[in-house]
Number of protein chains: 4
Amino acid sequence: MKHINISRSLGRPKRSEQEQSTDELILTVAGRLFMQKGYQKVPVEEVAKACNVTKATVYYYYATKAELFTAAMLAMMERIHQRTLQILSEDSPLRERFLLLAEVHLQATTSIDLTTFLRENHQVLTTQQMQKMKEAEEEIFQVLEFALEKAMRDGEIRKVNKKFAANAYLSLLRMGNQNLANGSELFKDPKGAAIEILEFYWRSLQN
Amino acid sequence: MKHINISRSLGRPKRSEQEQSTDELILTVAGRLFMQKGYQKVPVEEVAKACNVTKATVYYYYATKAELFTAAMLAMMERIHQRTLQILSEDSPLRERFLLLAEVHLQATTSIDLTTFLRENHQVLTTQQMQKMKEAEEEIFQVLEFALEKAMRDGEIRKVNKKFAANAYLSLLRMGNQNLANGSELFKDPKGAAIEILEFYWRSLQN
Amino acid sequence: MKHINISRSLGRPKRSEQEQSTDELILTVAGRLFMQKGYQKVPVEEVAKACNVTKATVYYYYATKAELFTAAMLAMMERIHQRTLQILSEDSPLRERFLLLAEVHLQATTSIDLTTFLRENHQVLTTQQMQKMKEAEEEIFQVLEFALEKAMRDGEIRKVNKKFAANAYLSLLRMGNQNLANGSELFKDPKGAAIEILEFYWRSLQN
Amino acid sequence: MKHINISRSLGRPKRSEQEQSTDELILTVAGRLFMQKGYQKVPVEEVAKACNVTKATVYYYYATKAELFTAAMLAMMERIHQRTLQILSEDSPLRERFLLLAEVHLQATTSIDLTTFLRENHQVLTTQQMQKMKEAEEEIFQVLEFALEKAMRDGEIRKVNKKFAANAYLSLLRMGNQNLANGSELFKDPKGAAIEILEFYWRSLQN
DNA sequence: CATGAATGAGTGTTCATTCAT
DNA sequence: GATGAATGAACACTCATTCAT
């Protein structure tokens, strides 16, 4: 209703937040802030200011803070979902695709791993809101599981519990993200981290 | 007036909270609550009430909420440290010790993985407080790394970056914890989870 | 787009709200809502929604909320005025006319007694707005007073302060309304209430 | 618990609000303000300021605004109850006692008639809070009804529905209060009003 | 050792009102 | 004639913290 989506260049959707409609701008900014500081530590006012609008404007579009949070997270997850889907749709060997995926996600500020983050903030959300989040999360997992399943069928990797393998993969990526985020000397750069993580992970999948 | 502790169902009451001195009681209870709900969502008042004392009493022992948090976390980490140290000090094969460690920690409500938790709440702490936490965390890691190093020297596992391996191990354990915590069907019980996780992890360490 | 009025149970919908012009519709609906919940507890938005228009539309017709309130109340009072005038214009004995008036008003959701209601909300109105209200109220009183005066002249009732008598009459009607509105067992139905009230009131007017 | 009632001279409890404990002070002031301007139009902050404390202090004693309101009203009603009881307990003729009661209440800023007032603000209260109010109101009515009943038994007045008669009496007093409050020329002073009202009312009770 | 009282600085949310279209 | 977008000013309520006793 309040959406007037005026195009969206598929290539690099980063630059020029000014072009977004106000509600989209709020969504993007809120998502960034919530991820950076956590739900509790971002007053609605801060989101508003970062968007050059007033608190009341935020409430014009999103009825409650929790709803804004939900919407922002869902949008984020959808972006991740798409990016993941796109990478895994190529037809190179799974190992290559997983490596690429790792690189991409270790570079992104928005981690693939909303899991932890959501769990922390799950208490403010209504059951329905949580449900939506779970579904969105599940979709992302399914993309991974599907790719793993195919690789098993093709004999590219050994038979494993695909759910487990998907979880483990994301878990290791999250570890990478965190070590990159804080100044740990474990990894120097995303690329190196991706390689090391995948090399380690892959051993567990090998025939 | 005597404390009349009317039980508190969640998380087994650490045998005989009544016997602890007030400051220890506060520490324990605070630790439990912070872990359950997160730093932001636990008012000092709540800690106080759960201890049958007043807010002012909490402040009598701990100058600020952040300090209480720090102290509670350090105590927790110390307990984990000790437990970990104890398990890894035995002289069975590393794989067995890691399995046991996994079992123990997947059963505990207090996860071995404070890493994530600390990162969330890191903004309220002073640099000094963070420093202490880092050190405590580091100690836990070192126990793992030491065990891994020895196993490498003994040829029990292949040569790997021990820091990386320790991180990966904890990362997978955390994944286990989370899947056990929310109702995911991935694992049915801690024991099974421990086995599956270790089996997966170990493949990456094998010669 | 057509109005799709999905019924609104409380207070019979004043036959065919759809036919009214928008400004009249707003007036009617606002009147009903203000009476039901009180000025303060009816946001302009609520009036708008109940009319299937937007807030801005309400402001298009009425410059401020207070003005809308004033207009709605005046319209209401005018209706009451007319109804009262009509009943009291008949030439049956005063007692009969007062009884009929009582019945009619105890059945109406919109009480004859705006007095109290206005007093509550008098602080938001401008002096001029209050003035108009006072005048409208006064007109209603005058109809009663006129009838009382005539009855005195005709010897139908004893000599009393007509202003006082009019006030007392409305006061007792209000009491009736309230006892009917809340579930008090004092009265079972409007008709019975009217009879009882008039019987009591009349004794004070008798020669 | 938070009450430390340090005496209370039975004679004239008006003067010297400073002697009251903070919670009592808040109660008194809140009562006065709510009666003057209505629940909605008195921000908690205003109550606080009028007491020379901060908003937070008000909330220290009363969990919500509605609770403060309830407590203040109950206290008021209790005072009215006591005053009424005291006056009606004397053993002069009912007419004299009712006259005195009328005088007293027409002079008081705090009207005997909370009925209307409560009805307006009833929507913010919980059912339980409303219940308490109703009970307190009922008690006041019972004092009146009891006196009326006795007068009937003694043949001082005719047989009437005592509930009705009590309601009517309060209704007329309220009318008096309102006409005294706004500048209506109907009454010049409380004493005169009391006399006129009682004279009118009494005719309906006479044998 | 422990507490009751008090507070300052938020923080989510509401709402009357304006204005360009 | 009607509206979507935006806002400023309130306002209820929370909470970490202080302090005299």
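Just so we're on the same page: letters track the sequence lines, and every chain starts at 1.
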Roughly, in whole Å, what's the span from [atom1] in [X] to [atom2] in [N]?
X	N	atom1	atom2	answer
A:Glu24	F:dA5	CD	C1'	15 Å
A:Lys49	F:dA6	NZ	C1'	17 Å
A:Phe34	E:dG12	CZ	P	8 Å
B:Tyr61	F:dT17	OH	P	19 Å
A:Glu67	E:dG12	CD	C1'	14 Å

Quick check: on DNA chain F, is the nucleotide nearest A:Asn52 upstream (toward 5') of the one nearest C:Thr54, or the reverse? Name the residue that is more 5'.
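That would be C:Thr54.
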For D:Leu68 versus D:Phe34, what's the shortest heavy-atom pair and its separation?
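Nearest heavy atoms, D:Leu68 then D:Phe34: CG-CE1, 4.2 Å.
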If every non-hydrogen atom of D:Ala50 is compared with every non-hydrogen atom of D:Val29, which pair is closest and at what distance?
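That would be CB-CG1, 3.6 Å.
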With sequence neighbours excluded, tell me which residues meet side-chain hydrogen bond (donor to acceptor under 3.5 Å, both in side chains) with D:Thr57.
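With sequence neighbours excluded, D:Thr57 shows a side-chain hydrogen bond (donor to acceptor under 3.5 Å, both in side chains) to D:Thr54, given in chain and number order.
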Residues two or more places apart in sequence or in another chain: which of them pass side-chain hydrogen bond (donor to acceptor under 3.5 Å, both in side chains) with C:Asp23?
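Per chain and number, C:Asp23 pairs via side-chain hydrogen bond (donor to acceptor under 3.5 Å, both in side chains) with C:Ser21.
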Can you say whether the rings of A:Phe69 and A:Tyr39 are parallel (under 30°), tilted (30 to 60°) or perpendicular (over 60°)?
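Geometry flag for A:Tyr39 against A:Phe69: perpendicular rings.
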Report yes if at least one side-chain N or O of A:Thr22 is closer than 4.0 Å to OP1 or OP2 of F:dA5; otherwise report no.
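Result: no.
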Does OP1 or OP2 of F:dA6 have a side-chain N or O of A:Tyr60 closer than 4.0 Å?
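False: A:Tyr60 side-chain N/O out of range (4.0 Å or more) of F:dA6 OP1/OP2.
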What pairs with B:Glu46 under salt bridge (Lys or Arg N to Asp or Glu O under 4.0 Å), at least two apart in sequence or on another chain?
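With neighbours one apart ignored, the set is B:Lys37.
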Going by salt bridge (Lys or Arg N to Asp or Glu O under 4.0 Å), name the pairs with one or both residues in residues 62-76 of chain A, residues two or more places apart or in two chains.
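Not a single pair qualifies under salt bridge (Lys or Arg N to Asp or Glu O under 4.0 Å).
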Side-chain contact, heavy-atom cut-off 4.5 Å: A:Lys49 with A:Lys55?
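With C-beta onward as the side chain, the pair stays apart.
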Quick check: do C:Leu27 and C:Tyr61 have side-chain heavy atoms less than 4.5 Å from each other?
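A side-chain contact under 4.5 Å is absent here.
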My validator wants the stems of DNA chain F: runs of 3 or more consecutive Watson-Crick or G-U pairs, both distances under 3.5 Å, written as range with range.
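Stems (3+ consecutive pairs) listed as E:2-21 with F:2-21.
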Tell me, for nucleotides 11-16 of chain F in 5' to 3' order, what letter each nucleotide earns: B for a base near a protein heavy atom under 4.0 Å, S for only sugar-phosphate near one, - for neither?
SBBBBB
